[in-house]
Asker: 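The following block contains the structure, expressed as structure tokens.
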Amino acid sequence: RAAAIPHDSGNHLQHRRAARSARAALPALMNPAAVTEHALVLRIAPHGESFLKLDLVTPDSGVFLCLKRVSKKNRATAAPDLFDSAEIQLASSRQGSARFVNEYQLLQRRSQIGASYRKLRYASDFCALIAHNGPHMADPAALHQLVERTLNAFAERDAPAIVFLKAIYL
């Protein structure tokens with residue numbers, strides 16, 4: 001049997017705090033694949049108890065699915081909402097191709113779309129169409145520009161059916 005080594009609890013607490021802060025800094029150092037991108041939120045769905053499943057479109061990556069942890073403690077940061085424009089920091093999982101949102105900074109919230117049921121319905125249908133077919137598009141930058149222009153039009157205009165048709169056919 002090994003003898004127990006007495007230690008000062010004050011030093012022990014300092015050591016634990018230092019180790020905790022070092023572990024918190026490790027993911028940023030160990031994951032050089034973390035990138036920051038301008039993203040548009042197409043769809044949101046709960047995933048388990050502590051995650052949101054986000055369908056996003058970015059100019060670099062196109063349309064993809066990622067996960068964002070829902071923080072129960074920090075309510076100061078903006079939670080993702082449909083049709084948002086945001087700067088996001090993405091990290092890839094160590095195994096596989098799953099992507100996680102580390103940081104979410106809201107740039108523009110298009111709450112005017114939700115003020116009208118017709119706008120909301122057409123904008124949701126448009127985003128669902130893009131989320132479903134976007135991964136097969138050749139030019140992600142052009143797709144991102146089309147989605148951003150269309151969401152702005154849904155927010156600013158009063159004829160969502162015309163905005164939808166123009167986005168699809170022109």
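Note that the structure is a prediction, hence the values are computed from the model and not measured.
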Asker: Is there a continuous path of hydrophobic side-chain contacts, each under 4.5 Å between heavy atoms, that joins Leu165 to Phe154?
Answerer: yes

Asker: Tell me, please, which residues at least two apart from Tyr122 pass side-chain hydrogen bond (donor to acceptor under 3.5 Å, both in side chains).
Answerer: none

Asker: Any pair with a residue in residues 37-66 that passes side-chain hydrogen bond (donor to acceptor under 3.5 Å, both in side chains), sequence neighbours left out, goes on the list, sorted by first then second residue, please.
Answerer: Glu37-Thr58, Glu37-Ser61, His38-His144, Arg43-Asp55, Ser61-Arg99

Asker: Is there a side-chain contact between Phe126 and Ile168, using heavy atoms and a 4.5 Å cut-off?
Answerer: yes

Asker: Would you call Leu151 and Cys127 a side-chain contact if the rule is heavy atoms closer than 4.5 Å?
Answerer: yes

Asker: What's in the same ILVMFWY side-chain cluster as Ile162, cut-off under 4.5 Å, chained through other members?
Answerer: none

Asker: State yes or no: do Leu65 and Leu129 share one hydrophobic cluster built from I, L, V, M, F, W and Y residues joined by side-chain heavy-atom distances below 4.5 Å, directly or via other members?
Answerer: no

Asker: Between Leu67 and Leu56, is there a shared hydrophobic cluster once you connect ILVMFWY residues whose side-chain heavy atoms come closer than 4.5 Å?
Answerer: no

Asker: Does the side chain of Pro140 reach to within under 4.5 Å of the side chain of Val57, using non-hydrogen atoms?
Answerer: no

Asker: Do Ile88 and Thr36 come close enough that some side-chain heavy atom pair is under 4.5 Å?
Answerer: no

Asker: Tell me the closest heavy-atom pair linking Leu52 and Pro46, and the distance in Å.
Answerer: CD2-CA, 4.2 Å

Asker: Are side-chain heavy atoms of Phe164 and Thr150 found at a separation under 4.5 Å?
Answerer: no

Asker: How long is the gap from CG on Leu90 to CD on Glu103, to the nearest 0.5 Å?
Answerer: 11.0 Å

Asker: Is there a side-chain contact (heavy atoms from CB on, under 4.5 Å) between Arg110 and Asn152? Walk through the geometry before answering.
Answerer: CA-CA 8 Å; Arg110 295 175 179 85; Asn152 288 337; 2.9 Å; yes

Asker: Looking only at heavy atoms, which two atoms of Ala86 and Leu106 are closest? And how far apart?
Answerer: CB-CA, 4.2 Å

Asker: Could you give the side-chain donor-acceptor pairs of residues 112-119 under 3.5 Å, partners two or more places apart or in another chain?
Answerer:
from: Ser116; atom 1: OG; to: Arg118; atom 2: N; distance (Å): 3.4
from: Ser116; atom 1: OG; to: Lys119; atom 2: N; distance (Å): 3.4
from: Lys119; atom 1: NZ; to: Ala155; atom 2: O; distance (Å): 3.4
from: Lys119; atom 1: NZ; to: Arg157; atom 2: O; distance (Å): 3.1

Asker: State which residues pass side-chain hydrogen bond (donor to acceptor under 3.5 Å, both in side chains) with Ser124; sequence neighbours excluded, sorted by chain then number.
Answerer: none

Asker: Does CD belonging to Glu87 count more than 12 external heavy atoms closer than 6.0 Å?
Answerer: yes

Asker: Please tell me if the side chains of Tyr104 and Val41 come closer than 4.5 Å, counting only heavy atoms from C-beta onward.
Answerer: yes

Asker: Decide whether Leu120 and Ile130 are clustered together by the hydrophobic rule: side chain heavy atoms of Ile, Leu, Val, Met, Phe, Trp, Tyr closer than 4.5 Å, transitively.
Answerer: yes

Asker: Consider only side-chain heavy atoms of I, L, V, M, F, W and Y, link residues closer than 4.5 Å, and tell whether Leu40 and Leu107 are in one cluster.
Answerer: no

Asker: By side-chain hydrogen bond (donor to acceptor under 3.5 Å, both in side chains), which residues pair with Arg109, not counting sequence neighbours?
Answerer: Asp84

Asker: Which pair of non-hydrogen atoms, one from Phe51 and one from Arg69, has the smallest distance, and what is that distance?
Answerer: CZ-NH2, 3.5 Å

